[in-house]
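Below is one structure; the comments refer to it alone.
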Amino acid sequence: MKKFIALLLALVCVIGLVGCSNNSVDTTKPVFETENICKITLFSVPNHADGVVVPSEYMDEITAWIGTFTIDKEAGDILDPGTNTFSFRLEYSDGTIVESGVNTTTIDGVTYHIKHERAPECFNALFAESETKE
């Protein structure tokens, strides 16, 4: 009986360890799918909360930049002030919509920091251009 209890306890411990193992995310692959994007809207708080639609001449440049977004370390519960001041919405040809900030993303309920290449020149130009139109 003691051997059975010891075996059962060992089995419970092994199952517990497997259940607690990190559900690690792949930090080498891009966070966002960049194929079949038909519309990108950029947002900036507080001045561009309604969004700036990326015109066709800048779609390739912004799409390529978003393709460089990869997962960094886990963000934790409290984010730094200014996190995700800039965000975007991707609309795909199949109707799927994905929204994210440029600093963090949430995967399976866990928030991660995002690392990416420097934003292209047109990113800031689009916001500046929209301000002159208003």
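Taking 4.5 Å as the limit, some side-chain heavy atom of Tyr112 sits within range of a side-chain heavy atom of Glu74. The shortest side-chain heavy-atom distance between Ser100 and Phe32 falls under the 4.5 Å cut-off.
None of Thr104, Ile107, Val110, Asp26 except one satisfies the side chain to side chain contact (heavy atoms under 4.5 Å, CB included) rule with Ile71; the exception is Ile107.
Taking the six-membered ring where tryptophan is involved, the planes of Phe86 and Phe127 are tilted, since the angle between them lies from 30° to 60°.
The minimum heavy-atom distance linking Ser93 with Cys38 is given by the pair N-SG, 3.9 Å. Leu79 and Ala75 get closest at one heavy-atom pair: CD2-CB, 3.7 Å.
Checking side-chain atoms of Glu33 against main-chain N and O of Glu35 turns up a donor-acceptor pair under 3.5 Å. Here the side chain of Asn84 pairs a donor or acceptor atom with the backbone of Asn103 at under 3.5 angstrom. One N or O on the side chain of His116 and one on the backbone of Val102 form a donor-acceptor pair closer than 3.5 Å.
For the residue pair Thr27 / Thr70, no side-chain donor-acceptor distance below 3.5 Å is found, with atom types taken as modelled.
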- Task: Could you give me the CA-CA distance, side-chain angles and deciding distance for Val98 and Arg89, then say whether side chain to side chain contact (heavy atoms under 4.5 Å, CB included) is met?
- Result: CA-CA 6 Å; Val98 174; Arg89 178 175 45 235; over 6 Å; no
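In this structure, Phe69 has its ring center closer than 6.0 angstrom to the ring center of Phe88.
Here OG of Ser44 is found 11.5 Å from CG of Asp50. Values are rounded to the nearest 0.5 Å. In this structure, OG1 in Thr85 is found 11.0 Å from CG in Asn47, a value given to the nearest 0.5 Å.
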Kindly list each side-chain donor-acceptor pair under 3.5 angstrom involving residues 54-68, sequence neighbours excluded, with atom names and distances?
| unit_1 | atom_1 | unit_2 | atom_2 | d |
| --- | --- | --- | --- | --- |
| Thr63 | OG1 | Met59 | O | 2.7 |
| Trp65 | NE1 | Glu117 | O | 2.7 |
| Thr68 | OG1 | Trp65 | O | 2.6 |
| Thr68 | OG1 | Glu117 | N | 3.2 |

